Amino acid sequence: MKKNKIWILIAFLLAAITVYFIFQTKNSTLNPELTDFAIEDTSSIVKIFIAEADGRTITLTRQPDNTWLINNKRRARQDAIDIILETAKKITVKYPVPESARENTIKLLAGRSTKVEFYTAGSKKPIKVYYVGNATKDLSGTYMLLEKNGKKSSTPFVMHIPGFHGFLNTRFFADTALWQHRAIFTLEPAEIEEIKVLTQDSSESFIIKKTNDGFALFDIKGKPVPGIDNELIRQYIDRFKSIYFEQVDNISPKSRIDSVLSTKPFYVISVTDTSGKTTKVETYRMPNFKNKTDEEGNPYPYDVDRMYARVFYPEGFVDFVYVQYVTFDLIQLKKSDFIEHSKRKNNV
């Protein structure tokens, strides 16, 4: 019995070594022209064009300050740009698609792949063109093939990034909503001229204006609100450094959006910077679609985690997005919040 186990172990090792050398041999004899997916210097890439099989396309262009624009209009998410450039730099062949599956893989890539083109500065033709297909069954690689000199390669490969277990196709997409930068307010206190907050109860609305001494709080009619601790105002203004939305709502039907916008906003917050540009955001309660309940089993009247918001950017763009209370509770204050905090701090 013991001898049988030893022979089985030896047979297994020999098989593993054979498979290893087969793949080594195949990879070493692959035409470099067909496996040349990686881009060594991704800092030279200034434009990326992506076209999905459903007809959606997107063009991403690098700006002089190294930010990227979507279709030369909206700012793109830097994290998504970093991921796609990192992928282009580190991508490598995991193994060639087996001969038995090659024809079917080529058909799938012809009909359902995402085309990706990379350009360098001054280049009218892309320096690299990928066709990105589905993930492999074990989700450890992605079917891809190259285009060279305007012609698709006839040799597909399973591609991966060494050390990363997963597939790569989700890194290449043309949905502008997913590419969009999610910042609403990213202003340093020194960049802020005025903050105007309108609540559903107008007596609780307020304005914070820059003054010769810093910032001061006024009611909605412009009357100064006395006795406010300046430190509270400073802390509040500081929160406008990083206010982001969660994602663009690109799934709600128009009828639902129209219904939401027909109601009175929960809050309206406008921030004007020192150059005179104003960004405004309106927030709206979101129905309790998930039927969450309190400790006694009673359903909450609204979603307790997220709201809808409509954002008006100074460039003229308008977005309908999801925002989280954990972010917006920091800036959705009432005038009385400053008064009560100041009284408590001054032990009044």
Side-chain angles (χ1 to χ4, degrees), residues 34-94 105 108-110 112-136 139-148 150 152-153 156-183 186 244-248 250 319 321:
L34 306 179
T35 61
D36 183 26
F37 284 83
I39 302 172
E40 185 176 351
D41 180 17
T42 53
S43 65
S44 66
I45 302 300
V46 298
K47 186 171 83 172
I48 303 170
F49 172 78
I50 303 173
E52 293 199 55
D54 62 7
R56 288 181 297 181
T57 64
I58 193 169
T59 300
L60 305 160
T61 50
R62 189 194 294 267
Q63 303 304 296
D65 63 356
N66 273 331
T67 59
W68 289 69
L69 292 184
I70 303 168
N71 299 331
N72 283 322
K73 294 178 180 176
R74 310 290 299 272
R75 187 175 171 188
R77 287 169 46 209
Q78 190 60 46
D79 62 321
I81 290 288
D82 291 343
I83 287 174
I84 202 169
L85 291 178
E86 179 194 35
T87 305
K89 188 179 184 69
K90 296 181 177 178
I91 195 167
T92 188
V93 173
K94 188 170 188 180
T105 301
L108 289 173
L109 285 168
R112 292 164 49 188
S113 62
T114 297
K115 185 180 183 182
V116 187
E117 300 175 353
F118 295 92
Y119 295 79
T120 53
S123 171
K124 292 184 179 179
K125 293 183 179 179
I127 64 159
K128 199 79 70 177
V129 181
Y130 300 163
Y131 288 86
V132 183
N134 294 329
T136 55
L139 305 180
S140 66
T142 302
Y143 295 106
M144 296 175 64
L145 62 76
L146 277 177
E147 178 180 294
K148 284 286 186 180
K152 286 184 185 179
S153 162
F157 296 91
V158 172
M159 305 299 297
H160 76 139
I161 292 178
F164 169 75
H165 183 79
F167 44 92
L168 307 176
N169 48 326
T170 54
R171 300 181 177 203
F172 304 97
F173 53 91
D175 187 334
T176 54
L178 295 179
W179 271 107
Q180 191 175 318
H181 198 273
R182 294 170 184 173
T186 55
Y244 293 80
F245 63 80
E246 183 181 353
Q247 67 179 74
V248 174
N250 56 357
D319 286 330
V321 301

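These numbers were taken from a predicted model, which means no experiment stands behind them. Each residue takes its place number in the sequence, starting with 1.
The side-chain contact (heavy atoms from CB on, under 4.5 Å) check on Lys152 picks up Ala110, Tyr131, Leu145, Glu147, with sequence neighbours excluded.
Contact between Asn169 and Gly133 at its shortest, heavy atoms only, is CB-O, 3.2 Å. Nearest heavy atoms, Phe172 versus Ile50: C-CG2, 4.5 Å. Of all heavy-atom pairs between Thr42 and Arg62, the closest is O-NH2, 3.3 Å. Shortest non-hydrogen contact noted between Glu40 and Lys89 is O-NZ, 2.5 Å.
Side-chain atoms of Lys94 and Ser140 include a donor-acceptor pair closer than 3.5 Å. Using modelled atom types and a 3.5 Å distance limit, the side chains of Thr61 and Asn72 yield a donor-acceptor pair.
Atom-to-atom distance recorded for His181:NE2 and Gln78:CD is 7.5 Å, nearest 0.5 angstrom. One finds the CD1 atom of Ile45 at 12.0 Å from the CG atom of Leu60 (value rounded to the nearest 0.5 Å). Between the CG atom of Asn250 and the CD atom of Gln180 there is a distance of 10.0 Å, given to the nearest 0.5 Å. Expressed to the nearest 0.5 Å, how far CD1 of Ile58 lies from CH2 of Trp179 amounts to 7.0 Å. Atoms CG and CE, from Leu109 and Met144 in turn, are 9.5 Å apart once rounded to the nearest 0.5 Å. Once rounded to the nearest 0.5 Å, the distance linking CD of Glu117 with OG1 of Thr59 reads 8.5 Å.
Remark: the backbone N or O of Ala53 is not paired with any side-chain donor or acceptor of Arg112 at under 3.5 angstrom. For the pair Thr142 (side chain) and Leu168 (backbone), a donor-acceptor distance under 3.5 Å is present. Of the possible polar contacts, none joining the Ser123 side chain to the Thr120 backbone as a donor-acceptor pair under 3.5 Å is found. No donor-acceptor distance shorter than 3.5 angstrom exists from the side chain of Asn71 to the backbone of Lys73, with no hydrogens or angles considered.
Residue pairs that meet the salt bridge (Lys or Arg N to Asp or Glu O under 4.0 Å) test with at least one member in residues 43-61, sequence neighbours left out, are Glu52-Arg56, Asp54-Arg56, Arg56-Asp175.
Within the 4.5 Å cutoff, the side chain of Ile39 has heavy atoms near those of the Phe118 side chain. Residues Asn134 and Phe167 have side chains not in contact (no heavy-atom distance under 4.5 Å, counting atoms from C-beta outward). Counting heavy atoms from C-beta on, the side chains of Phe49 and Thr57 come closer than 4.5 Å. Between Val93 and Met159, the closest side-chain pair of non-hydrogen atoms falls below 4.5 Å. Thr92 places none of its side-chain heavy atoms less than 4.5 Å from the side chain of Phe37.
The side-chain tip of Arg171 does not point at the ring of Tyr130 from less than 6.0 angstrom away and within 45° of straight on.
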Test log, rule side-chain contact (heavy atoms from CB on, under 4.5 Å), inputs Leu85 and Ile48: CA-CA 10 Å; Leu85 291 178; Ile48 303 170; 4.1 Å; yes
When you look at Thr114 and Phe173, which way does the side-chain contact (heavy atoms from CB on, under 4.5 Å) test go after all the steps? CA-CA 8 Å; Thr114 297; Phe173 53 91; over 6 Å; no
